[in-house]
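Shown next, in structure tokens, is the structure this report addresses.
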Amino acid sequence: ATVVAAASAVALVPPCWGFLPSQSAHIVRSHAGSGTNADAASSTPSPLFVATSALVDDPTFTKPDTLNDGMISEQACTDAASLMRRVNVPVPTTVTATGEVGISYIHWPASPAAKRANGGATLPIVLVHGFDSSCLEYRRLGPKLAALGIDAYAVDLLGWGYSQLEGVESFSAQAKVDALKGFWTAVGNDAPVCVAGASLGGAAAIEFASANPDIVKGSVFIDAQGFVDGVGPMAMLPKPVARLGVKVLKSVPLRSSANTMSYYDADTYATDDALKVGRMHCLRDGWEDALVSFMLSGGFSPSQKVAQIEAPSLVLWGRQDEILEKEFAQRFLDTLPDASLQWIEECGHVPHLEQPEETAKAISEFLRSDKFGGITSPAASASGELIGGLESDTVKIVGGITGALAAAAAAATLGGAEAIFGQIF
């Protein structure tokens with residue numbers, strides 16, 4: 001059973017996690033003691049959204065107690081969790097029969113004084129996390145953006161983080177994008193916004209931005225996955241086998257491997273707290289079903305949509321990223337119609353966690369550049385609260401951190417694992 005589960009986990013490692021073949025093989029060999037590519041599912045139009053008229057909190061939601069239940073001592077995590085909220089947002093009826101679903105998020109509002117002190121209001125930014133992560137991934141970046149006068153929203157992708165898991169028909173890539181759109185409709189009233197995605201969150205941000213050019217007026221890609229479609233062999237696995245693999249993905253050894261590989265200064269940042277933050281949401285009832293649903297659906301298909309994003313874009317890349325090749329940073333620059341690239345020094349795959357101050361500064365300078373001079377109209381949220389148009393929502397950045405972990409699951413497939421990794425990547 002262990003070999004079968006590990007073999008399943010190998011197939012679960014999606015291309016979007018960004019591991020290089022050599023890294024995947026190394027993880028397989030180092031954990032060996034511990035078992036046909038599916039076509040990438042392209043996004044298809046969904047039924048019309050069921051309209052909602054007010055921002056409604058999900059009465060079933062309880063904020064995660066990261067300090068006591070999670071035993072996480074990092075103050076930034078405690079502070080971020082205390083701000084978390086889950087609201088019902090409109091989605092197609094293919095996602096839920098009711099036409100709405102609970103999406104969790106954290107809002108770090110920028111004060112008028114902070115905006116004035118930093119040169120005025122900007123577009124709000126929505127921060128999108130990576131594979132099987134949560135909005136807590138932005139616990140360090142969000143407050144720094146707000147201090148620089150930028151309204152920041154870190155949002156959970158449907159099926160991950162602390163989003164609704166019960167009563168959901170689909171957790172596919174398309175369902176995730178639909179829920180992201182519903183989130184900004186409900187919370188940001190579809191006002192102009194900048195979306196930011198880290199690692200696999202970049203793929204979600206690409207799909208959202210390319211489908212909504214009238215809303216997304218800026219984009220930030222942080223060590224993002226944008227040029228590999230689908231989830232590899234996973235979509236072909238029988239559901240019971242896929243479920244065994246998913247169970248392996250939340251194991252401490254796998255999460256620890258991903259945690260370590262994500263940072264340049266692993267001694268400082270790959271802590272027990274970091275491991276617990278990235279794993280806590282996996283212990284929720286329904287997490288396994290949600291992840292299996294996503295993997296069997298085929299995953300995101302961003303590669304052909306990058307060139308469709310005409311809004312100004314900023315590509316941020318950790319100079320010492322050992323998860324995604326540096327060539328991808330240049331490829332974004334070559335493919336996006338209007339993009340600039342900035343390297344984050346002494347930084348691995350997660351600049352928003354390892355170098356949050358430099359990351360926030362780069363985003364602030366980008367959003368206050370002359371590229372955005374004409375975007376200033378305010379927007380009223382569905383809840384009746386005024387959100388300056390330049391301070392709407394943003395997209396989450398996080399990503400690759402949890403991505404790294406499943407590669408460790410490649411463990412027990414031994415020699416066969418390397419072959420599978422070679423095929424995926």
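- Aromatic ring centroids of Tyr269 and Tyr264 lie 6.0 Å or more apart.
- Rounded to the nearest 0.5 Å, atoms CD1 (Ile344) and CG (Asp321) are 12.0 Å apart.
- The six-membered or imidazole ring of Phe171 lies away from that of Trp160, with a centre-to-centre distance of 6.0 Å or more.
- The structure places CD1 of Ile323 at 11.5 Å from CD of Gln225, a figure rounded to the nearest 0.5 Å.
- Here the two rings, on Phe300 and Phe208, have centers that are 6.0 Å apart or farther.
- Just one of Pro143, Ser82, Cys135 meets the side chain to side chain contact (heavy atoms under 4.5 Å, CB included) condition when paired with Ile106; it is Cys135.
- In this structure, Arg85 pairs ionically with Asp57, as a charged nitrogen and a carboxylate oxygen lie closer than 4.0 Å.
- Using a 4.0 Å cut-off between charged side-chain N and carboxylate O, Asp190 and Lys181 make a salt bridge.
- At most 12 heavy atoms of other shown residues, nucleotides or ligands fall within 6.0 angstrom of atom CG in Asp285.
- To the nearest 0.5 Å, atom CE of residue Met71 and atom CG of residue Asp65 are 11.5 Å apart.
- In this structure, NZ in Lys144 is found 13.0 Å from OG in Ser364, a value given to the nearest 0.5 Å.
- No option in Arg255, Lys176, Arg279, Arg284 other than Arg255 meets the salt bridge (Lys or Arg N to Asp or Glu O under 4.0 Å) test with Asp132.
- A donor atom on one side chain and an acceptor atom on the other are found under 3.5 Å apart for Ser104 and Asp156.
- In this structure, CG in Asp79 is found 11.5 Å from CZ in Arg139, a value given to the nearest 0.5 Å.
- A salt bridge links Glu74 with Arg140; the closest basic N to acidic carboxylate O contact falls under 4.0 Å.
- By the neighbour-count criterion of 12 heavy atoms within 6.0 Å, atom CD of Gln308 is densely surrounded, having more than that number from other residues, nucleotides or ligands.
- You'll find the side chain of Val220 reaches within 4.5 Å of the side chain of Cys194, heavy atoms only.
- For the pair Asp229/Pro302, a side-chain contact is recorded, criterion being any heavy-atom separation below 4.5 Å from C-beta on.
- Between the side chains of Thr60 and Arg86, a donor-acceptor pair is found at a separation under 3.5 Å.
- One finds a salt bridge joining Glu288 and Lys250 here, because a Lys/Arg side-chain nitrogen approaches an Asp/Glu carboxylate oxygen to under 4.0 Å.
- Once rounded to the nearest 0.5 Å, the distance linking CD1 of Ile72 with CG of Leu136 reads 7.5 Å.
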